[in-house]
**Q** 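I have a structure I would like to understand better, so I am pasting it below and will then ask my questions one at a time.
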Amino acid sequence: MKPRWDQIRANLGLWVLLAAFVAALLRVLTLQTAAVADNKKVVRMVHWQLEAGIAEAIQEVAQEYEKRHPDVRIEQILIGERGYATWVTTRLIGGTAPEIIEYGQVPPALLTQLLQRYFLPISDVILQPNPYNAGTELEGVPWKNTYNDDMSSAYHMDLLEYYAIPSSAFTVRLYYNKPLLKAATGLDVPPREFRAFLAACEQIKAYGRRTGLTLVPIAGAGKYNAPILFNRFEQVVGTTLLPEVDVNFDADASGEESAIAFLNGTVAFDDPRIRAMFRGREAYIEQFQPAFFPADRMDAAFLFIQQRAVMIASGSWDAASYAKQAPFEIGIVDFPLPARDDPEFGQFVLGPAVETLDGGFAFVINRTAPHAEEALDFMKFMTSQPMNDLLNRRIQWVPMIRGNAPAEFIAPFWPRIDGVKRGIWLDPGGYNWLKWNELLALHATGRAGFDEIIESYRATFVRNTDRWFRLDRARLARINQLQTEFRATAERGLAERGAGRPQKPRIILENLLARKYYDLEMTARYDAARAATRLPGGS
Amino acid sequence: MALLVSLVFSYATARVVMMRGFIVLMTWWAAAGWSAASDPLATVWTQLRMGNWSGAERTLQRLLQSADVEQLCAAKFAEGVLWQHRMPGADADRAAAAYRWVVDQHPQSAEAPRALLAWARLPDLSVLNPQPEVAVSRYRLVVERYPDSEAAQEAMLHLALGLFETRGREGAQEALRELEAWRAARPAPPYAAVQALVMGRLALYPLEDYRTAVRYLVEAERAGLQTTAQQAAVLLQIAQVAEWRLGDRELAVEYYTKFLKQFPNHNSTYLSKLALQRLGAPLPAMVDMSLEAVLERGRRVR
């Protein structure tokens, strides 16, 4: 017997391999058999939403659909974010990808290629009414116009087609622990005015000291939750820089315009509004836990859930998870805003920060899959007014279909359309971005103050901006021109053979010329600013 | 023995898994074959658009044997596109040769103006060694040889930007003059909106002739721009230049209002509302997208 056991042990690896093969084969056969056993058309749907309740909510919608279409079965496949792009890409290339695929995670350049090859353009379909809106106020309305944003966020600017079908909108807000806030400050809601908010934070710290609790006002993570607060504050106090920076009058401050404004001295690095941005940043840093900078998203979330932080800034995508995990009642509010009469910031504030009403949680249809038609029909069903309402109420996300209101708990996440834009970019171009973030890390960890940061940043600004503007940006602009030209030519070739939409080449040409002009304008303005700059390294 | 069993199982597994992909692939090939049979040039353009370079090359090989001059020229032009874009820069000479073949061998063919423009664009589109001066002289050639073609319309626009690129302010002035003369000879061209857009932008910068800029931008807006991005940008440019540079309150109010009506959910909506308040003008009637209004509408729906 002994030699036989030794023989098995010697070939153990091979046996394990064989067992794995058998298991895999059985699994495949079982799935294939199940798929054909009930003679139903199986529409598979893959997404990366592993958060609590999402798959269940989709399942509820799917069951409603299956009641109306007994010959169809909807199956969900859940893949984690980390492996999602690889999974989808390999399945598409192998011809085994599901019918419905959540849109995203794949790098943009690859996504464009995949969209062209595998996914169904829906530009014509969305001009027709969604039949599942029959009997609602949206009956007869083109599918596109049943969305709050008229599906504008689903439009692919490079391919000039609609592909994605969104369901929800996402924004960021401040979550807070209701009972703990009440106990520490006596308040039911964190103050909306910035100074009063900071005072409440001081009360929270004092409460922690008094009760012996390890308690901080806000849970921060250096690269996730903290920048949400910093960016909002910067947008609000920097918006009056917009008329100075926006040289082409399009009501937008671009990276190029920001670089030019710094170079020609229109905006100084120590401008009071930029100083105000840092003051806001410092005020927030004082409310985070010590050593917040290296903390990640999960660290901050644990701090909040474990009641060691009263507040946390995060997105609406976390609402259901927080609500499920937190052993306390959660409230959600908009970010605090300096009052108009605030002695330090008030003169710079024109209003709260604007948000866009963009659709997310979007899916695309794989036109090479066996049941693409049924898949499109299911997506119409899922984005009908009643089902979009059901889905978002279950998931606790903001609905995108007109007439649907967010659930009470999630309502504060409704996007704010009336708000101010960012007035300047402080880190235009890759090299400045690296330097700036290096300096912000020093600032966040208390190793450099505003004046030191500005001095260090000024010293390298010209050199770094030159490298960006004259090398990387210029080359990228030329690559974009070449690619756009190719698309225009191919679309024209198709349109002339009656195989494409005739207006597409003109749309692409308009984009191409507008972009080319913009690049030329900014280059000319940059050269002029560069010649006149008084910044170090400018001569 | 174990190895043999493993191999058999591997093969069987692969067959089962691949079956579906195989069916899809066959369907696709059949569809592609049917499309090719109906119009092989449409197939070539589809293959090019999808980056299927070798497929396009194979299809073109057949078409390049065609006895039909128009089809041959169209195939040669597509071949030029293939060489130009498959490995940008590497086969630029072959691309140029293909385009030139169409122009030189069949100058009266339908494809010739477009081929000449594609050849003219080559030095402008070079990533590593752009030569806008060379491109400018070639654009003029397109305009002279085929003045009534759509390619000439497009060449004039590239020429205008090329003049600005190579000679700055002076070039922009010349570009405006040439485009004006061109338009006078050919009213209502197919590219009227984008032509006015280019002229408006050049007048705005580097010429800083704000009144002329606004005139052209208004024209572009009325002629109907194709993209919402440009529509929004042009409305805001007219309104802001009118307010800040021309002091033309009436025009500014008209265009801020137009912007708000056309783009009620844009991220510049609030700034436009502030501008109308600043100018003492009433806000247009808009759908209220505030949370309170949305909740109220939601209650009605439910």
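Quick note on labels: first sequence line is chain A, next is B, and so on, each numbered from 1. Atom set for the values below is all heavy atoms of this structure, side chains included, hydrogens, waters and symmetry mates excluded.
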**Q** Please determine, among Leu161(B), Val194(B), Leu48(B), the option with the most heavy-atom pairs under 4.5 Å with chain A.
**A**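 Among Leu161(B), Val194(B), Leu48(B), the one with the most close pairs to chain A is Leu161(B).
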**Q** Could you check whether Glu137(A) pairs with Arg297(B) (Lys NZ or Arg NE/NH1/NH2 to Asp/Glu carboxylate O, under 4.0 Å)?
**A**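 Salt bridge: no.
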**Q** Dump the intermediate steps for side-chain contact (heavy atoms from CB on, under 4.5 Å) on Asp418(A) and Tyr270(B), then the final yes or no.
**A** CA-CA 5 Å; Asp418(A) 274 345; Tyr270(B) 186 65; 3.7 Å; yes
**Q** At a 4.5 Å cut-off on heavy atoms, which part of Ser290(B) comes close to chain A: side chain, backbone, both, or neither?
**A**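 The answer is the backbone of Ser290(B).
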**Q** For Arg169(B), is it the side chain, the backbone, both or neither that has a heavy atom under 4.5 Å from a heavy atom of chain A?
**A**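 Neither part.
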**Q** So, for Asn248(A) and Leu204(B), which heavy atoms are closest and what is the spacing to 0.1 Å?
**A**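 Asn248(A) and Leu204(B) have their closest heavy atoms at O-CD2, 4.2 Å.
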**Q** At a heavy-atom distance under 4.5 Å, which candidate from Thr136(A), Leu512(A), Asn404(A), Asp389(A) has the highest pair count against chain B?
**A**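 It is Asp389(A).
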**Q** Is the side chain of Asn265(B) donor-acceptor paired with the backbone N or O of Thr356(A) at a distance under 3.5 Å, no angle test?
**A**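 Not a single qualifying donor-acceptor pair exists.
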**Q** For Ala251(A), is it the side chain, the backbone, both or neither that has a heavy atom under 4.5 Å from a heavy atom of chain B?
**A**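 Contact with chain B is through both the backbone and side chain of Ala251(A).
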**Q** Please determine, among Val127(B), Val81(B), Leu236(B), Val44(B), the option with the most heavy-atom pairs under 4.5 Å with chain A.
**A**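 The answer is Val127(B).
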**Q** Taking side chain as everything from C-beta outward and backbone as N, CA, C, O, which of these in Phe164(B) sits under 4.5 Å from a heavy atom of chain A? Side chain, backbone, both or neither.
**A**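 For Phe164(B), side-chain heavy atoms alone lie under 4.5 Å from chain A.
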**Q** Please confirm whether the backbone N or O of Gln226(B) pairs with a side-chain atom of Glu510(A), one donor and one acceptor, at under 3.5 Å?
**A**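 Confirmed, Glu510(A) side chain pairs with Gln226(B) backbone.
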**Q** Between Arg300(B) and chain A, which part of the residue has a heavy atom less than 4.5 Å away: side chain, backbone, both or neither?
**A**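 Neither the backbone nor the side chain of Arg300(B) comes within 4.5 Å of chain A.
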**Q** Is it true that a side-chain atom of Trp45(B) and a backbone atom of Gly500(A) form a donor plus acceptor pair closer than 3.5 Å?
**A**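 Side chain of Trp45(B) to backbone of Gly500(A): no pair is present.
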**Q** For Glu296(B), is it the side chain, the backbone, both, or neither that has a heavy atom closer than 4.5 Å to a heavy atom of chain A?
**A**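 The answer is neither part of Glu296(B).
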**Q** Heavy-atom distance under 4.5 Å to chain A: side chain of Tyr210(B), backbone, both or neither?
**A**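 Just its side chain gets close to chain A.
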**Q** Could you go through the side-chain contact (heavy atoms from CB on, under 4.5 Å) check for Thr489(A) and Phe77(B) one step at a time?
**A** CA-CA 10 Å; Thr489(A) 311; Phe77(B) 175 72; 4.0 Å; yes
**Q** Does a side-chain N-to-carboxylate-O contact under 4.0 Å join Asp124(B) and Arg478(A)?
**A**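 Arg478(A) and Asp124(B): not salt-bridged.
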**Q** Please look at Arg492(A) and chain B and tell me whether the side chain, the backbone, both or neither of the residue comes under 4.5 angstrom of a heavy atom of that chain.
**A**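 Arg492(A) touches chain B through side-chain heavy atoms alone.
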**Q** Which atoms of Thr228(B) are under 4.5 Å from chain A, going by heavy atoms: the side chain, the backbone, both sets, or neither?
**A**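 Interface part for Thr228(B): neither.
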**Q** Hey, is Glu485(A) close enough to Arg121(B) for a salt bridge, meaning N to O under 4.0 Å?
**A**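 Salt bridge flag = yes for Arg121(B) with Glu485(A).
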**Q** Ile238(B) versus chain A, heavy atoms under 4.5 Å apart: side chain, backbone, both or neither?
**A**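 No part of it gets close to chain A.
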**Q** I need the residue from Ala193(B), Pro190(B), Ala172(B), Ala239(B) with the largest number of non-hydrogen atom pairs under 4.5 Å to chain A.
**A**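 Among Ala193(B), Pro190(B), Ala172(B), Ala239(B), the one with the most close pairs to chain A is Pro190(B).
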**Q** Sort Glu243(B) into side chain, backbone, both or neither according to what part of it lies under 4.5 angstrom from a heavy atom of chain A.
**A**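 Answer is neither: Glu243(B) stays 4.5 Å or more from chain A.
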**Q** Verify side-chain contact (heavy atoms from CB on, under 4.5 Å) between Leu202(B) and Tyr517(A), making sure each step is shown before the conclusion.
**A** CA-CA 8 Å; Leu202(B) 287 173; Tyr517(A) 169 78; 4.0 Å; yes
**Q** Begin with the C-alpha distance, continue with both residues' side-chain angles, and end with the deciding distance and a verdict on side-chain contact (heavy atoms from CB on, under 4.5 Å) for Leu128(B) and Arg475(A).
**A** CA-CA 8 Å; Leu128(B) 296 176; Arg475(A) 191 163 293 176; 4.0 Å; yes
**Q** For Ala514(A), is there any backbone N or O sitting under 3.5 Å from a side-chain donor or acceptor partner on Gln230(B)?
**A**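 Here the side-chain-to-backbone pair does not exist.
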**Q** How about Arg278(B): does its CZ atom have over 12 heavy atoms from other parts shown lying under 6.0 Å from it?
**A**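 Counting other residues, nucleotides and ligands, CZ of Arg278(B) exceeds 12 neighbours.
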